[in-house]
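Values reported hereafter were calculated over all heavy atoms of this structure, with side chains retained and with hydrogens, waters and symmetry mates removed.
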Amino acid sequence: MQYHDTIRVGGKLLDLSSPVVMGILNVTPDSFYAGSRQQTDDAVAHRAEEIVEQGGVIIDVGACSTRPGGEQPTAEEEMSRLRRGLSVVRHVCPDAILSIDTYRPEVAQMSIEEFGAAIINDVTGGVERDAEGVAAIFRVAARERVPYILTSVQPSIREVLLTFARDVAQLNALGVADVILDPGFGFGKTLEQNYEVLSRMGQLQVMGLPVLAGVSRKSMIYRALGITPDEALNGTTALHMTALRQGASILRVHDVREAVECCRLWKMIIESEVSE
C-alpha cells in the first residue's frame, strides 16, 4: 500500500516524510504532568512561543485532562478554558497549526469555527456513536474537512489494526481524507501491553497512513523505572527513538527541543543507511 506522507492542514500540505513534533499545551489544572499545566495568559503565551521557537510544527491544545481518575469538566467549562487559551495562542502565534485535544464534537466544532483549529485529536477514538454507529466527532471532521487523529484503546496490535481498519473506512466514507493513527499508549493497556504495542507499531504501516506516538512522560515510563513524571525525560527520549524506528511520523511531546533533536538525529541515521 502506498504511504501518504502529506496531510492537508488549513489549505496547505504538511510534509510528514520526515518526522515532526507536536507540542503539548494544556490549559487544565490537573494534567498528570504538572510541568505541562498552563493556568495564566502569560504562561499560555510563553508555552506557545516556546513550542514554535524550539521547532514544534503543531501545537496541541487541551482543556480536559485524560489522566486516570481525573475529574472531567463540563463541555461548557472545557470550551471556556479553550476560548481563553486559544485566544492567547492565536495572538502570539497567529500562523501556528493548532490541534484540539478533545473527544467532544461541540468543542471541536467551536475550536475550528472560532479559532481556526486545523486538526482534531480525539483520544477516545470516537467513543460516542449515534444510532448508525458513527461517531459525531467523525462527522465534524468530515464537515470541516480537517485531519482527524484516530486513537486506539485496544490492548494488542492485532486489535488496534482491526479497529483502525473499521474506523478508517468509516471516516473515508464520510469524506475525511486525512487520518492520523495513534495506537494510544496509556489508554486501555497494561504496562506490558504498552510495550508490546510499541514493539510492533511498525505493523501499522500496512494502513498507509501517518502514525502519531504519544509516550511523553507517561506512566509506561515512570512506573517501569520507579520514578516520577518529572524524572521521565530520559526514558521518553529513549522511547521516542524506538517509535521513530517503528515508523512514527509525529511525536506528541512535552519537551519539544529534545524531541526535535531526536528527530534530527534519526534523520541522519536514515540518510546514512540510504547512502551506503
Side-chain angles (χ1 to χ4, degrees), residues 7 9-10 12 14 20-67 70-124 137 140-141 144 146-151 178 180 182 184 186-187 212-214 216-218 250-257 259-260:
I7 58 173
V9 179
K12 298 180 181 179
L14 175 60
V20 302
V21 171
M22 169 190 282
I24 299 168
L25 197 167
N26 286 320
V27 288
T28 60
D30 58 347
S31 174
F32 79 90
Y33 173 46
S36 72
R37 303 169 192 166
Q38 314 299 331
Q39 289 297 290
T40 68
D41 288 358
D42 285 346
V44 171
H46 174 75
R47 175 57 177 165
E49 291 174 326
E50 177 182 68
I51 290 171
V52 173
E53 289 170 0
Q54 293 184 357
V57 173
I58 305 165
I59 302 176
D60 190 46
V61 185
C64 179
S65 176
T66 56
R67 70 180 178 89
E71 184 176 347
Q72 298 293 295
T74 64
E76 291 72 22
E77 175 62 22
E78 185 181 1
M79 284 193 277
S80 176
R81 293 175 182 176
L82 280 172
R83 283 192 171 101
R84 179 179 67 83
L86 289 171
S87 294
V88 174
V89 175
R90 272 292 175 234
H91 178 70
V92 297
C93 299
D95 299 322
I97 298 173
L98 300 185
S99 168
I100 295 302
D101 181 0
T102 187
Y103 63 89
R104 291 176 167 134
E106 65 270 33
V107 174
Q109 186 76 53
M110 178 278 295
S111 302
I112 295 166
E113 288 182 350
E114 297 183 19
F115 299 97
I119 301 172
I120 297 174
N121 181 17
D122 172 16
V123 299
T124 70
I137 201 164
V140 174
E144 298 299 329
V146 297
Y148 177 82
I149 299 174
L150 177 63
T151 304
D178 294 305
I180 299 163
D182 179 352
F187 296 100
L212 179 149
S216 183
R217 294 184 183 267
K218 285 189 173 179
I250 303 172
L251 299 180
R252 181 180 181 273
V253 309
H254 298 95
D255 307 280
V256 174
R257 186 187 309 280
V260 169

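- What you find for A45 and V92 is that their closest heavy atoms are CB-CG1, 3.9 Å.
- The two residues A118 and I97 make their nearest non-hydrogen contact at CB-CG2, 4.4 Å.
- D95 and K12 are not joined by a salt bridge, as no carboxylate oxygen comes within less than 4.0 angstrom of a charged side-chain nitrogen.
- Across every non-hydrogen atom of L82 and S111, the tightest pair is CD1-OG, 3.9 Å.
- Interatomic distance, CD1 of I250 versus CE of M22, reported as 5.5 Å (0.5 Å rounding).
- Separating the CD1 atom in I58 from the CD1 atom in I149 is a distance of 6.5 Å, to the nearest 0.5 Å.
- Within the 4.5 Å cutoff, the side chain of I59 has heavy atoms near those of the L98 side chain.
- Looking at heavy atoms from C-beta onward, D41 lies out of side-chain contact with H91 at the 4.5 angstrom threshold.
- S80 contributes no side-chain N or O that, together with a main-chain N or O of E76, makes up a donor-acceptor pair within less than 3.5 Å.
- In this structure, the side chains of D101 and R252 come closer than 4.5 Å at one or more pairs of heavy atoms.
- Taking OG1 from T28 and CG from N26, the interatomic distance works out to 4.5 Å, rounded to the nearest 0.5 Å.
- Using a 4.0 Å cut-off between charged side-chain N and carboxylate O, E78 and R81 make no salt bridge.
- Note that OH of Y148 and CG of N121 are 8.5 Å apart. Values are rounded to the nearest 0.5 Å.
- Between I100 and I120 the shortest side-chain heavy-atom distance does not fall below 4.5 Å.
- Here the side chains of M79 and R104 are not in contact, with every heavy-atom distance at 4.5 Å or above.
- More than 12 non-hydrogen atoms from other residues, nucleotides or ligands lie less than 6.0 angstrom from CZ of R90.
- Residue I137 holds its CD1 atom at 4.5 Å from CG of D122, rounded to the nearest 0.5 Å.
- For the pair V88/V27, no side-chain contact is recorded, criterion being any heavy-atom separation below 4.5 Å from C-beta on.
- Considering every non-hydrogen atom in both V9 and P147, the closest pair reads CG2-CG, 4.0 Å.
- Side chains of V140 and I112 form a contact here, defined as non-hydrogen atoms less than 4.5 Å apart.
- How far CD of Q109 is from CD of E106: 10.0 Å, rounded to the nearest 0.5 Å.
- Between V253 and R47, the closest heavy-atom pair is O-NH2, 3.9 Å.
- Here the shortest heavy-atom pairing between T151 and G184 reads CG2-CA, 3.6 Å.
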